[in-house]
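So the structure is just underneath, and the comments pick up after that.
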Amino acid sequence: MGDVLLDAFLDTLKILPFLLLMNFVIEIIEYKSKGLKANRILKGGGAPLLGTVVGVLPQCGFSVVATELYSERRIALGALLAVYIATSDEALLIMLSSREGVVKILPVLIVKVCFALIVGYSAFLIEKLTSRKALRDKQSGERQDADGDKTCSSVDISVDNGEEKVGEEHAPHGSDEEEDDEHAHAHIHGCHHHSIAERAPIGDGATKKQKAAHFWRVYMGHPLVHTATVIAFILAVNVLFGVVVYYVGTDRLAAFMSASEYAQPFVAALVGLIPNCASSVVITELYIVGGLHLGGAVAGLCMSAGIGYAVLIRRNRPIKNTVAIIVAMYVLSAALGAGVTFFSSLIA
């Protein structure tokens with residue numbers, strides 16, 4: 001049991017530097033650019049590609065950072081899914097550490113990267129089209145309200161020579177413009193209780209003590225507090241699932257996944273759902289020794305997103321959105337694995 005606690009601590013410690021560094025970087029971008037550059041980078045057309053690239057790196061800390069950003073709607077859904085699918089956690093390092101793993105790593109990486117890009121950009125386009133449709137419906141409803149009620153405050157009407165002239169339509173309260181402006185002054189991690197005045201640039205006449213306090217509050221305090229909160233939760237989850245895996249046993253997990261060839265993707269994807277690096281370790285080692293086919297390995301490793309799912313459940317709201325993401329990840333990963341298995345059987 002002592003080894004379980006030590007492993008949980010070490011797994012959490014691996015994430016800490018990445019999470020802390022990303023929080024510092026995001027804080028600086030948010031403060032210097034008022035969030036506008038961060039929004040363009042994290043929600044723009046390159047976001048799924050960026051998510052795929054960072055997901056391939058053998059570190060599950062990026063899935064945690066992506067989940068944190070998505071929970072505050074500062075990253076596109078396509079980017080989040082791309083990170084989840086591309087994330088390999090411990091798998092890449094394990095494969096590189098053995099001769100058999102090096103030979104088998106290339107097809108897994110190719111499938112994961114291609115699938116991450118396809119799903120990421122598909123979700124990105126669907127999200128864009130849906131938001132545009134919702135905006136058009138909202139504007140259409142406002143125009144209908146304006147036609148029915150000439151006293152509507154969103155439209156200026158003036159009379160000239162007996163003719164009505166409709167003035168420029170003002171952005172309604174709660175519109176995208178106001179929301180973007182509000183988000184530009186809000187803390188990127190959703191710490192909306194930090195006022196604009198608190199984050200305003202300090203005057204030239206400030207004392208050294210005031211400047212030091214301002215520097216700590218803006219660049220150090222918020223990232224450190226936020227990182228500490230997330231890390232504490234991650235440690236608790238790692239301990240919990242470490243104990244579960246300890247009592248269940250990796251041998252039983254391996255036996256559970258070693259089902260029939262066509263059932264492997266669905267079973268392996270279930271194991272990949274476990275928010276702990278143990279899932280990717282078992283899947284990878286079983287794949288290297290031949291106990292798991294390519295389809296099962298792809299399904300399990302595409303589903304495996306490290307501690308990301310636990311943070312998603314903890315932070316993301318509404319809960320139905322969280323459930324939809326996890327279910328979609330499972331269906332997509334299992335379907336991909338089944339497709340790879342079927343295709344492999346045809347060419348075998």
Side-chain angles (χ1 to χ4, degrees), residues 5-35 37-39 41-43 47 50-51 53-76 79-80 83-84 86-90 183-196 198-199 212-242 275-277 280 304-317 322 325:
L5 298 178
L6 179 61
D7 289 341
F9 176 77
L10 292 178
D11 289 340
T12 305
L13 197 61
K14 293 176 185 177
I15 300 175
L16 178 59
F18 291 90
L19 185 60
L20 186 59
L21 177 62
M22 291 302 297
N23 282 335
F24 279 134
V25 170
I26 292 169
E27 186 73 33
I28 293 172
I29 294 175
E30 172 69 8
Y31 182 73
K32 291 296 186 180
S33 65
K34 296 182 179 179
K37 289 182 180 178
N39 281 337
I41 294 173
L42 300 177
K43 300 185 77 172
L50 177 62
V53 172
V54 300
V56 171
L57 300 177
Q59 171 54 241
C60 67
F62 290 112
S63 69
V64 175
V65 174
T67 304
E68 285 283 302
L69 292 173
Y70 179 76
S71 67
E72 301 299 336
R73 299 303 183 265
R74 294 307 185 100
I75 190 172
L80 177 71
V83 171
Y84 280 178
T87 294
S88 298
D89 202 3
E90 303 288 338
H183 287 163
H185 295 287
H187 190 248
I188 196 165
H189 297 303
C191 304
H192 300 298
H193 57 277
H194 301 306
S195 64
I196 297 175
E198 181 186 6
R199 297 176 56 78
H214 178 265
F215 178 86
W216 171 264
R217 182 175 63 249
V218 173
Y219 295 109
M220 304 292 291
H222 297 163
L224 286 174
V225 171
H226 186 76
T227 301
T229 302
V230 175
I231 282 296
F233 174 73
I234 291 174
L235 178 60
V237 172
N238 278 335
V239 170
L240 174 63
F241 282 95
N276 188 277
C277 67
S280 64
S304 179
I307 201 70
Y309 294 124
V311 178
L312 186 72
I313 294 172
R314 166 80 162 67
R315 295 274 294 158
N316 188 53
R317 295 296 181 272
T322 299
I325 290 174

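For the numbers below, each heavy atom of this structure counts, side chains included, while hydrogens, waters and symmetry mates do not.
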Which atom of [X] lies closest to which atom of [Y], heavy atoms considered:
| X | Y | answer |
| --- | --- | --- |
| Ala79 | Ala47 | CB-O, 3.6 Å |
| Phe62 | Val54 | CD1-O, 3.6 Å |
| Val237 | Pro275 | CG1-O, 4.0 Å |
| Thr87 | Ser63 | OG1-CB, 4.1 Å |

**Which residues share a ring pair (Phe, Tyr, Trp, His ring centres under 6.0 Å) with Tyr309, sequence neighbours left out** =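 In terms of ring pair (Phe, Tyr, Trp, His ring centres under 6.0 Å), with neighbours along the sequence ignored, Tyr309 is linked to Tyr84.
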
**Asked** Are Glu72 and Arg315 within salt-bridge range, i.e. N to O under 4.0 Å?
**Response**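 Yes, Glu72 and Arg315 are salt-bridged.
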
**Prompt:** When rounded to the nearest 0.5 angstrom, what is the spacing between CG in Leu10 and CG in Leu5?
**Reply:**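 Between Leu10 CG and Leu5 CG, I get 11.0 Å after rounding to 0.5 Å.
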
**Message:** Test of understanding: with side chain to side chain donor-acceptor pair (under 3.5 Å), list the residues that count as partners of Asn316, not counting sequence neighbours.
**Reply:**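 Asn316: side chain to side chain donor-acceptor pair (under 3.5 Å) contacts with Arg73, Asn321, Thr322.
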
**Asked** Which one of Leu20, Thr12, Val64 satisfies the side-chain contact (heavy atoms from CB on, under 4.5 Å) criterion with Ile231?
**Response**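 It is Thr12; the other options fail the test.
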
**Prompt:** In chain order, what residues pass the side chain to side chain contact (heavy atoms under 4.5 Å, CB included) check against Leu13, with sequence neighbours excluded?
**Reply:**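 Testing Leu13 for side chain to side chain contact (heavy atoms under 4.5 Å, CB included), a comparison that skips the adjacent residues, returns Phe9, Leu16.
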
**Prompt:** Is a side-chain donor or acceptor of Thr227 paired with a backbone partner of Leu224 at a separation under 3.5 angstrom?
**Reply:**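 Between the backbone of Leu224 and the side chain of Thr227 there is no qualifying donor-acceptor contact (under 3.5 Å).
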
